[in-house]
Number of protein chains: 2
Amino acid sequence: MGNSGKVEANRWEEINAACDALSETEEELTREMVMRLADKWSLWTLAILAEEDGPLRFTRLMERVEGVSQKSLTKTLRALERDGLITRQIFAEVPPRVEYTITALGLELLSHVEPLWNWVARSVPQFQRTRQEFEAR
Amino acid sequence: MGNSGKVEANRWEEINAACDALSETEEELTREMVMRLADKWSLWTLAILAEEDGPLRFTRLMERVEGVSQKSLTKTLRALERDGLITRQIFAEVPPRVEYTITALGLELLSHVEPLWNWVARSVPQFQRTRQEFEAR
DNA sequence: CAGTATCCAGATCGATACTG
DNA sequence: CAGTATCGATCTGGATACTG
């Protein structure tokens, strides 16, 4: 493990290099996107839509994304739509119908989130141990 | 692109399967870890420590993580330490010296964050275009 | 049905002052 | 030097009521 740290560090420097190539605005946008992924509902909502593999109405989404409020779901959906990760189609009917569908970009994003999420999930026992040691001091 | 959506969706279902295997507490911890990655300072601090490839003192860290307050940096460092992503070594000297170092686990985490971050950074132009279209309506 | 509008509680974070 | 303590502005998000 002596130089594995060095390897990893170098790999991380590549990210910084890639980031430095971005303008201030672009760097901010990158950060914003990454932060959105971790907010309370975005990833979950996106995952539900991916799982569904088809359109879902607002109320169905609220049922599946357990615990979300109307306000938060609306806000989440607007942000996802704005970034092109989902589409929102309104049907001129009574009662109104609105269908949300994940886009190719949204699916691509999820495919890049997956490895990280899996690693974290697999590492949970490790984190639990570390925390217990930390608290035992 | 007809069935690429299906492929991606199936891949995402694997995540859900992996997540379902976790207990409530573990799932919560996974979410908590992922969310921490996106908070304002954690990832940046971790990246600085990875880049440094060696110990850094509190004040040096504050200089490099531009804009962070003492309070936020302290909180961030405690959380990272608690999860075993960095170590904190105190030297019994006057004036006191405290050195922070990234751990192997921290480096491993960064290596899994990198691909996602890079993809988002590369996709920034796409997001910018999408947003402009969205606002033009 | 699919929202919007309003109010409110809790968390977050920076600035500032102080300390072992 | 490396924090802690405190205050206040800001943000987030839930609950509730209302609407095209």
Side-chain angles (χ1 to χ4, degrees), chain A residues 28-29 31-46 48-49 52 54-83 86-102 134 137, chain B residues 28-29 31-46 48-49 52 54-83 86-102 134 137:
Chain A
E28 211 171 308
L29 188 53
R31 164 169 293 280
E32 191 185 321
M33 290 300 302
V34 173
M35 288 185 68
R36 157 117 17 90
L37 295 184
D39 85 6
K40 211 170 172 184
W41 307 112
S42 293
L43 207 50
W44 193 354
T45 305
L46 215 52
I48 296 281
L49 284 171
E52 185 68 19
L56 269 179
R57 301 179 65 164
F58 187 86
T59 306
R60 294 287 152 267
L61 265 170
M62 263 204 70
E63 288 166 8
R64 288 201 183 31
V65 184
E66 273 171 74
V68 74
S69 66
Q70 274 195 333
K71 179 182 165 185
S72 295
L73 183 57
T74 301
K75 194 184 159 200
T76 301
L77 290 170
R78 289 291 183 280
L80 293 174
E81 185 196 6
R82 179 176 136 98
D83 291 324
I86 65 171
T87 59
R88 174 171 180 264
Q89 193 176 5
I90 308 162
F91 296 86
E93 304 175 359
V94 177
R97 178 161 55 111
V98 178
E99 289 185 347
Y100 294 93
T101 315
I102 193 164
F134 187 77
R137 295 183 321 177
Chain B
E28 211 171 307
L29 188 53
R31 166 169 292 277
E32 190 186 321
M33 291 300 302
V34 173
M35 289 186 68
R36 162 139 46 263
L37 295 185
D39 86 5
K40 211 171 175 184
W41 306 114
S42 293
L43 206 51
W44 193 353
T45 305
L46 214 52
I48 296 281
L49 285 171
E52 184 68 16
L56 268 180
R57 301 179 63 165
F58 188 86
T59 306
R60 294 287 152 268
L61 265 171
M62 259 203 76
E63 287 166 9
R64 287 199 183 34
V65 184
E66 272 171 73
V68 74
S69 66
Q70 275 195 333
K71 181 181 163 184
S72 296
L73 183 56
T74 301
K75 195 185 158 200
T76 301
L77 290 170
R78 290 290 185 280
L80 293 175
E81 185 197 3
R82 180 177 136 98
D83 292 326
I86 65 171
T87 59
R88 175 171 180 263
Q89 192 175 6
I90 308 162
F91 295 86
E93 302 174 1
V94 178
R97 179 160 57 110
V98 178
E99 287 185 350
Y100 294 93
T101 314
I102 193 165
F134 187 77
R137 296 183 321 178

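Note on naming: letters A, B, ... go to the chains in the order of the sequence lines (proteins, then strands), and numbering restarts at 1 for each one. Computed from a predicted structure; not experimentally measured.
- Put simply, CG on B:Asp39 is 16 Å from P on C:dA11, counting in whole angstrom units.
- Rounded to whole Å, the distance from CD on A:Glu66 to C1' on D:dG14 is 17 Å.
- Interatomic distance, CZ of A:Arg64 versus OG1 of A:Thr45, reported as 12.5 Å (0.5 Å rounding).
- Contact annotation: B:Arg97 does not reach the phosphate of D:dG3 (side-chain N/O to OP1 or OP2, under 4.0 Å).
- The distance between atom CD of A:Glu32 and atom P of D:dC11, rounded to the nearest whole Å, is 14 Å.
- To the nearest 0.5 angstrom, B:Asp39 atom CG is 5.5 Å from B:Thr76 atom OG1.
- Not one side-chain nitrogen or oxygen of A:Arg36 sits closer than 4.0 Å to the OP1 or OP2 atom of D:dT12.
- Computed from coordinates, the B:Lys40 NZ to C:dA11 C1' distance equals 14 Å when rounded to whole Å.
- B:Arg78 has its CZ atom 8 Å from the C1' atom of D:dG3, to the nearest Å.
- Distance from the side chain of A:Gln70 is smallest to C:dT4 among D:dC1, C:dT4, D:dG14.
- Heavy atoms from other residues, nucleotides or ligands lying under 6.0 Å from CD of B:Glu93 number more than 12.
- Of the charged side-chain nitrogens involved, at least one lies within less than 4.0 Å of a carboxylate oxygen, so that A:Arg60 and A:Glu63 count as a salt-bridged pair.
- In terms of phosphate contacts, B:Arg57 brings a side-chain nitrogen or oxygen within less than 4.0 Å of OP1 or OP2 of D:dA2.
- Within the model, atoms CH2 of A:Trp41 and CG of A:Leu77 stand 12.5 Å from one another, a figure rounded to the nearest 0.5 Å.
- For the pair B:Leu77 CG and D:dG3 P, the interatomic distance rounds to 8 Å; values are reported in whole Å.
- Among the nucleotides D:dG3, C:dG3, C:dG14, the one closest to any side-chain atom of B:Val98 is D:dG3.
- Here the closest non-hydrogen pair linking A:Leu49 and A:Leu56 is CD2-CB, 3.9 Å.
- The distance between atom CG of A:Leu56 and atom P of C:dC1, rounded to the nearest whole Å, is 15 Å.
- Here A:Arg60 lies out of heavy-atom contact (under 4.0 Å) with every strand.
- Place A:Pro96 and A:Lys75 on DNA chain D by their nearest nucleotides, and A:Lys75 ends up nearer the 5' end.
- The side chain of A:Arg88 places an N or O atom within less than 4.0 Å of a non-bridging phosphate oxygen (OP1 or OP2) of C:dG3.
- Between its opening and closing five pairs, the helix from C:dC1-D:dG20 to C:dG20-D:dC1 changes axis direction by 50°, a value rounded to 10 degrees.
- Using a 4.0 Å heavy-atom cutoff across all strands shown, A:Tyr100 reaches sugar-phosphate atoms only and no base atom.
- Residue B:Thr59 places at least one side-chain N or O closer than 4.0 Å to OP1 or OP2 of D:dA2.
- Between D:dA2 and B:Thr74, no contact under 4.0 Å exists linking OP1 or OP2 to a side-chain N or O.
- OP1 or OP2 of D:dG14 sits under 4.0 Å from a side-chain N or O of A:Trp41.
- Of the side-chain N and O atoms in A:Lys71, none sit less than 4.0 angstrom from OP1 or OP2 of C:dT6.
- Protein atom CG of A:Leu73 is 13 Å distant from nucleotide atom C1' of C:dC1, rounded to whole Å.
- Closest approach of A:Met62 and A:Val68 over heavy atoms only: CE-O, 3.3 Å.
- Note that CG of A:Leu46 is 10.5 Å distant from CZ of A:Arg36, once rounded to the nearest 0.5 Å.
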